[in-house]
Amino acid sequence: MPLIDDFLLKYNVGQVLLLAFVLSVVAAIPLGSRKVLSLNAITFGLLFVVVPSSLAPLHYKFLGIALLVVAPVLYVTARK
């Protein structure tokens, strides 16, 4: 637990969520499914929007809104 606390004290929640989003996208790329990538983007978009502004700067909310607009389009245009 002290290792996690030391990590979180240096960064805000938005930065941690962004790192988790990037790592999950990198992990999903080998699957080759745009639906999985879009569901991942929708999930993190919701997380970015729901996180209180006291824990993350405002530009992470804008990133969440952008993900919530782009990801459903990606989901609908995915083949299978």
Side-chain angles (χ1 to χ4, degrees):
M1 286 307 257
L3 181 65
I4 295 171
D5 288 340
D6 291 339
F7 176 74
L8 289 177
L9 287 176
K10 294 178 188 175
Y11 303 103
N12 62 35
V13 175
Q15 292 170 330
V16 174
L17 282 176
L18 184 62
L19 177 66
F21 174 63
V22 169
L23 290 176
S24 66
V25 166
V26 169
I29 287 175
L31 296 175
S33 173
R34 287 193 336 193
K35 285 194 175 192
V36 171
L37 283 173
S38 63
L39 290 173
N40 184 25
I42 290 170
T43 303
F44 275 98
L46 285 172
L47 281 174
F48 281 125
V49 169
V50 172
V51 169
S53 60
S54 63
L55 296 177
L58 184 63
H59 57 274
Y60 290 109
K61 287 208 184 287
F62 291 136
L63 174 63
I65 292 169
L67 285 174
L68 287 176
V69 169
V70 172
V73 173
L74 182 64
Y75 186 83
V76 169
T77 60
R79 295 190 191 267
K80 282 189 178 181

Aromatic plane relationship, F48 with Y60 - under 30° parallel, 30 to 60° tilted, over 60° perpendicular: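 Ring orientation, 0 to 90° scale: parallel.
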
K35 side chain to R79 backbone, donor-acceptor under 3.5 Å: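 Such a contact is absent between K35 side chain and R79 backbone.
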
Selection residues 39-50 - residue pairs positive for side-chain hydrogen bond (donor to acceptor under 3.5 Å, both in side chains), sequence neighbours left out: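 Residue pairs with at least one partner in residues 39-50: S24-N40.
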
Testing the basics here: between [X] and [Y], what is the closest heavy-atom pair and its distance to 0.1 Å?
X: L68; Y: I42; answer: CD2-O, 3.7 Å
X: A28; Y: L37; answer: CB-CD2, 3.7 Å
X: S38; Y: A71; answer: CB-O, 3.4 Å

Hydrophobic cluster identity match, V70 and L47, side-chain contacts under 4.5 Å: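 Different clusters: V70 never reaches L47 through Ile, Leu, Val, Met, Phe, Trp or Tyr contacts under 4.5 Å.
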
Check against side chain to side chain contact (heavy atoms under 4.5 Å, CB included), F21 and L67: CA-CA 11 Å; F21 174 63; L67 285 174; 4.0 Å; yes

Interatomic distance, L63 atom CG to L58 atom CG [nearest 0.5 angstrom]: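 Taking CG in L63 and CG in L58, the distance rounds to 11.5 Å.
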
Interatomic spacing from CG in L39 to CG in L74 - rounded to 0.5 Å: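 L39 atom CG to L74 atom CG measures 9.5 Å (nearest 0.5 Å).
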
Side chain to side chain contact (heavy atoms under 4.5 Å, CB included) partner of V51, the single match among V16, N12, L17: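 Answer after filtering V16, N12, L17: L17.
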
